[in-house]
Enquirer: 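The structure that follows is given in the form of structure tokens.
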Amino acid sequence: MMATELTVVIPTYNERANIELLVERIDQCLGTIAWEAIFVDDDSPDGTADLVRSLCRRDPRIRCIQRLGRRGLASACIEGMASSSSPYLAVLDADLQHDETLLPAMLQSLQANEADLAIGSRYIAGGGTGNWDGTRRKISRLATTLGNIVLKQPVADPMSGFFMIRSDKFWRSAPDMSGRGFKILLDLIVSCPISLRIKELPYVFKPRLHGESKLDSTVVLEYLLLLLDKFVGRILPVRFLLFVMVGALGAIIHLTILGVFHIVHGKTFWVSQVTASLFAMVLNFALNNLMTYRDKRLRGSKLVTGFFIFVLACSIGAFTSAQVGDYFFVRNVPWWLSGLLGASIASVWNFAVSSQFVWRRRSKRKR
């Protein structure tokens, strides 16, 4: 049996309707090239993995990795590429919007040693975004501009999810890749300790035939977190920075509620401080679950259980906050500074408790 020359990694989530047609198209365009396709499925409820496994039984070039308890396009691509022994690795979406006929040209450019990385680009001559509306084009252009700020070299389409790389160069990048979000190409280029020789080939983004687009506010948030990680991740952990930002917002809410209850409504400082602490606690839990611990996010019944554990544990922080604040207040420290000092002590406690008993424990169960 001929050794595999090219591995095409295809991350999937609810793409069952596209799988068979995609495999047929890949087979047609790659011809006699020794290829394999690795579908990395994030436990799709529509049975995508089951269909891929049925294809595996008929075609040994097809492989399936079904991930349980974890999700994310970038991490799925990394896992797929890491499972391959091919000298060349391609990433292709399963939604049929990328132009798979570009794969042979990508491979040829790498085999001829013209480049280390070949990118399917929508933003060079001959490429295009198809039927995108004006708003989506502007968002993509803005994301491209932001991406080039952290890149070591200019790339016309760093947001592209369609590319091919030499496996040895992938392994140079892999140790420092964050695996965060949906934009793996940017992560790959920035994480590489050497400058990659890049060649961009034009293609026109095609309309989706089946299924629903995964583009939503989640994609935007993940991209911003990826940029933050690449800006400061080597100095300070992004999770710590997110916690600080959430805590800062919580402190603002805390002081606002404290002022309303104590100054406007004339409630005692103790009552006002406890009330403000409870409001801030709820806000901090929600935002940390959404952002800080996004990779360990609690959902459904676990969200409710996690919230009650969080409230129970952090009640100690709220009590301490009130005690510390009151200590300074009765000694003529301004009410807002007294509240801030108390909230700061509670924030440190809440972070330690949430990391140890709420999100961390459930992450282990998932894995």
Side-chain angles (χ1 to χ4, degrees), residues 7-23 26 36-57 61-84 89-98 100 159-163 170 174 177-188 208-226 229 238-239 289-303 306 359-360 362-367:
T7 293
V8 182
V9 176
I10 307 165
T12 60
Y13 185 74
N14 286 345
E15 298 288 359
R16 181 186 178 95
N18 297 318
I19 300 301
E20 291 182 288
L21 179 56
L22 178 59
V23 171
I26 291 174
E36 69 173 351
I38 301 178
F39 289 86
V40 186
D41 184 68
D42 284 355
D43 200 22
S44 299
D46 72 345
T48 296
D50 292 332
L51 176 59
V52 173
R53 278 191 289 268
S54 71
L55 296 178
C56 295
R57 289 188 283 269
R61 298 174 300 180
I62 310 300
R63 288 205 280 145
C64 178
I65 298 175
Q66 183 174 359
R67 308 200 304 169
L68 305 177
R70 57 196 192 279
R71 185 176 298 178
L73 186 144
S75 60
C77 292
I78 293 172
E79 194 164 329
M81 290 190 284
S83 71
S84 169
L89 308 169
V91 170
L92 177 71
D93 280 356
D95 55 17
L96 305 174
Q97 294 184 288
H98 292 158
E100 69 286 336
M159 308 297 291
S160 177
F162 180 30
F163 62 89
F170 161 72
M177 293 179 70
S178 70
R180 184 184 293 277
F182 293 77
K183 301 306 177 184
I184 182 175
L185 178 60
L186 179 70
D187 193 359
L188 189 152
R208 172 181 278 273
L209 296 181
H210 306 287
E212 297 180 354
S213 172
K214 311 300 188 299
L215 182 64
D216 56 16
S217 58
T218 298
V219 177
V220 176
L221 176 60
E222 291 284 7
Y223 181 62
L224 294 176
L225 293 180
L226 172 62
D229 178 73
V238 171
R239 200 185 301 278
N289 193 54
L290 177 66
M291 298 174 57
T292 309
Y293 298 97
R294 182 172 184 78
D295 56 327
K296 307 175 183 180
R297 186 189 302 179
L298 305 177
R299 295 180 173 87
S301 61
K302 291 181 179 180
L303 177 67
W359 286 279
R360 182 179 178 183
R362 278 154 182 76
S363 174
K364 288 182 178 179
R365 288 179 182 176
K366 284 183 177 181
R367 295 179 186 276

Enquirer: Not counting sequence neighbours, which residues clear salt bridge (Lys or Arg N to Asp or Glu O under 4.0 Å) with Asp42? List them please.
Expert: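 Salt bridge (Lys or Arg N to Asp or Glu O under 4.0 Å) check on Asp42 returns Arg67.
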Enquirer: Taking side chain as C-beta onward, heavy atoms only, is Ile10 less than 4.5 Å from Val40?
Expert: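 Contact flag for Ile10/Val40 side chains = no.
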Enquirer: Between Ala94 and Leu22, what is the shortest heavy-atom contact and its length?
Expert: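 The answer is CA-CD2, 3.7 Å.
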Enquirer: Check the pair Leu185, Asp187 against side-chain contact (heavy atoms from CB on, under 4.5 Å), reporting the backbone distance first and the verdict last.
Expert: CA-CA 5 Å; Leu185 178 60; Asp187 193 359; over 6 Å; no
Enquirer: Between Arg61 (side chain only) and Cys56 (backbone N and O only), is there a donor and an acceptor less than 3.5 Å apart?
Expert: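 Answer holds: no.
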Enquirer: What distance do Asp41 atom CG and Ile19 atom CD1 have between them, rounded to the nearest 0.5 Å?
Expert: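 The CD1 atom of Ile19 is 8.0 Å from CG of Asp41, to the nearest 0.5 Å.
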Enquirer: Report yes if the side chains of Ile65 and Ile38 come closer than 4.5 Å at any heavy-atom pair, otherwise no.
Expert: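 The answer is yes; the side chains approach within 4.5 Å.
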Enquirer: Once you round to the nearest 0.5 Å, how far does CZ of Arg16 lie from CG of Leu51?
Expert: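 CG of Leu51 is found 4.5 Å from CZ of Arg16.
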Enquirer: How long is the span from the CZ atom in Phe39 to the SG atom in Cys64, to the nearest 0.5 Å?
Expert: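 Rounded to the nearest 0.5 Å, the CZ-SG separation comes to 9.0 Å.
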Enquirer: Look up atom CD1 in Ile62 and atom CG in Leu55, then write down how far apart they are to the nearest 0.5 Å.
Expert: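 Here the rounded value is 6.5 Å.
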Enquirer: Tell me every residue that passes side chain to side chain contact (heavy atoms under 4.5 Å, CB included) with Asp43, counting only those two or more places apart in sequence or in another chain.
Expert: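 Counting only residues at least two positions away or on another chain, Asp43 forms a side chain to side chain contact (heavy atoms under 4.5 Å, CB included) with Gln66, Leu68.
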Enquirer: Under the criterion side-chain contact (heavy atoms from CB on, under 4.5 Å), I'd like the reasoning laid out for Leu92 against Ile26: C-alpha separation, chi angles, the key distance, then a yes or no.
Expert: CA-CA 10 Å; Leu92 177 71; Ile26 291 174; 3.9 Å; yes
Enquirer: Applying side-chain hydrogen bond (donor to acceptor under 3.5 Å, both in side chains), can you list everything that pairs with Thr7, at least two apart in sequence or on another chain?
Expert: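 With neighbours one apart ignored, the set is Glu36, Ser84, Ser86.
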Enquirer: To the nearest 0.5 angstrom, please state how far the CD1 atom of Ile184 sits from the SG atom of Cys77.
Expert: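 Ile184 atom CD1 to Cys77 atom SG measures 4.5 Å (nearest 0.5 Å).
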Enquirer: Identify, with sequence neighbours excluded, every residue that meets side-chain hydrogen bond (donor to acceptor under 3.5 Å, both in side chains) alongside Asp93.
Expert: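 Asp93: no side-chain hydrogen bond (donor to acceptor under 3.5 Å, both in side chains) contacts found.
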Enquirer: Report yes if the side chains of Ser83 and Arg63 come closer than 4.5 Å at any heavy-atom pair, otherwise no.
Expert: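 Yes, close enough: below the 4.5 Å cut-off.
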Enquirer: Considering residues at least two apart in sequence or located in another chain, which fulfil the salt bridge (Lys or Arg N to Asp or Glu O under 4.0 Å) criterion with Asp50?
Expert: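 Asp50 satisfies salt bridge (Lys or Arg N to Asp or Glu O under 4.0 Å) with Arg53 once adjacent residues are dropped.
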Enquirer: Provide the closest heavy-atom pair for Leu298 versus Asn289 in the form atom of the first, atom of the second, distance.
Expert: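 Smallest interatomic distance, heavy atoms only, reads N-OD1, 2.9 Å.
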Enquirer: Which residues satisfy the ring pair (Phe, Tyr, Trp, His ring centres under 6.0 Å) test with Phe162, sequence neighbours excluded?
Expert: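 By the ring pair (Phe, Tyr, Trp, His ring centres under 6.0 Å) rule, Phe162 matches His98, Tyr203.
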Enquirer: Please report the interatomic distance CZ(Phe170) to CG(Leu188), rounded to the nearest 0.5 Å.
Expert: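 Here the interatomic distance stands at 7.0 Å.
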Enquirer: Provide the closest heavy-atom pair for Val91 versus Met81 in the form atom of the first, atom of the second, distance.
Expert: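 Minimum heavy-atom contact is CG2-SD, 4.1 Å.
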